[in-house]
Amino acid sequence: MVAHIDFGADDRGVSPVIGVVLMIAITVALSAAAGTLVLQLTDEQTGELSGDADAEFTVTFGTDSVEVTHTGGDAVPAEEILIDGDVDDSQRWGEYGSVSEGDSVTVDASGSNRTIVVVHTGPYGEEEVFTRVEE
């Protein structure tokens, strides 16, 4: 007696189903990996001061100038700090380095009843006013 095994239609549908399941699993895994990579890159690019920088400045008025001093909080990249208001020329704190507690800069500002504004400009153009002082 010879046993006859029928490899009929029951086995033909298994291989395509497994293939589809594997393709879906691979797609989900690749999507998760790509999403993680994008989120990590975004976090690195925005940096420490994205959104809210926490720094304090004081303004000391002189006859023809004002002195702006960093008095506390986070160190801020110098190129991101703008000194504006009733000054002869609006200017960045500097081109390089960071401004930390104790650092100061003198800006030409003649006249009376002056208003000085110290502004933080973030890497994506968002602005935050650190200090606004009127004489």
Side-chain angles (χ1 to χ4, degrees):
M1 204 180 225
V2 177
H4 179 61
I5 301 175
D6 186 18
F7 293 105
D10 292 343
D11 293 336
R12 292 184 189 197
V14 173
S15 183
V17 170
I18 291 174
V20 169
V21 169
L22 286 174
M23 290 293 285
I24 291 172
I26 290 171
T27 303
V28 168
L30 287 174
S31 298
T36 302
L37 178 64
V38 167
L39 289 175
Q40 286 176 347
L41 289 176
T42 302
D43 288 344
E44 291 172 7
Q45 288 175 352
T46 57
E48 190 176 283
L49 292 176
S50 64
D52 297 326
D54 185 22
E56 297 174 13
F57 293 85
T58 60
V59 177
T60 305
F61 292 92
T63 305
D64 291 327
S65 64
V66 293
E67 181 180 33
V68 180
T69 305
H70 185 295
T71 56
D74 297 330
V76 182
E79 67 274 6
E80 293 182 4
I81 299 175
L82 176 70
I83 298 156
D84 202 1
D86 296 325
V87 295
D88 293 346
D89 288 312
S90 298
Q91 71 178 49
R92 295 280 170 200
W93 189 289
E95 292 182 33
Y96 305 105
S98 63
V99 178
S100 56
E101 189 172 348
D103 293 343
S104 64
V105 65
T106 301
V107 179
D108 293 333
S110 56
S112 59
N113 299 325
R114 298 168 284 185
T115 300
I116 305 299
V117 182
V118 180
V119 179
H120 173 251
T121 304
Y124 298 107
E126 69 276 6
E127 292 185 348
E128 172 187 6
V129 175
F130 279 137
T131 304
R132 180 183 181 93
V133 179
E134 295 181 20
E135 183 178 29

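The structure displayed is predicted, hence computed values, not measured ones. Position 1 is the first residue of the sequence; numbering continues from there.
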*Shortest non-hydrogen contact from E80 toward H120*: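 It is OE1-NE2, 2.8 Å.
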_Nearest atoms (heavy-atom pairs only) where A55 meets V76_ =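 In this case the closest contact between A55 and V76 is CB-CG2, 4.0 Å.
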*Which residues, ordered by chain and number, are linked to L82 in its hydrophobic cluster, where ILVMFWY side chains connect at heavy-atom gaps below 4.5 Å, directly or through other members?*
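Under the 4.5 Å side-chain rule, L82 groups with V117, V119, V129.
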Between [atom1] on residue [X] and [atom2] on residue [Y], distance to nearest 0.5 Å:
X	Y	atom1	atom2	value
F130	T71	CZ	OG1	11.0 Å
T115	E134	OG1	CD	4.0 Å
I18	M23	CD1	CE	14.5 Å
I83	T131	CD1	OG1	10.5 Å

*Taking the side chain as every heavy atom from C-beta outward, state whether H70 and I81 have any atom pair closer than 4.5 Å.*
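They are not in contact (no side-chain heavy atoms under 4.5 Å apart), so the answer is no.
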*Which residues share a side-chain hydrogen bond (donor to acceptor under 3.5 Å, both in side chains) with D86, sequence neighbours left out*: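 Result, side-chain hydrogen bond (donor to acceptor under 3.5 Å, both in side chains) vs D86: none returned.
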*Applying side-chain hydrogen bond (donor to acceptor under 3.5 Å, both in side chains), name anything that partners T69, two or more places apart in sequence or on another chain.*
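Partners of T69 by the side-chain hydrogen bond (donor to acceptor under 3.5 Å, both in side chains) criterion come out as none, since no residue qualifies.
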Side chains of residues 28-35: which donor-acceptor partners sit under 3.5 Å, not counting sequence neighbours?
residue: S31; atom: OG; partner: T27; partner atom: O; Å: 2.9

*Output every pair passing salt bridge (Lys or Arg N to Asp or Glu O under 4.0 Å) with a member in residues 55-70, not counting sequence neighbours, ordered by first then second residue.*
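As it turns out, there is no salt bridge (Lys or Arg N to Asp or Glu O under 4.0 Å) pair with a partner in residues 55-70 once direct neighbours are skipped.
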*Keeping to residues at least two apart or across chains, list the ring-ring contact (aromatic ring centres under 6.0 Å, His included) pairs with something in residues 76-119.*
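Those involving residues 76-119 are F57-W93.
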*Residues two or more places apart in sequence or in another chain: which of them pass salt bridge (Lys or Arg N to Asp or Glu O under 4.0 Å) with R114?*
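R114 satisfies salt bridge (Lys or Arg N to Asp or Glu O under 4.0 Å) with E135 only.
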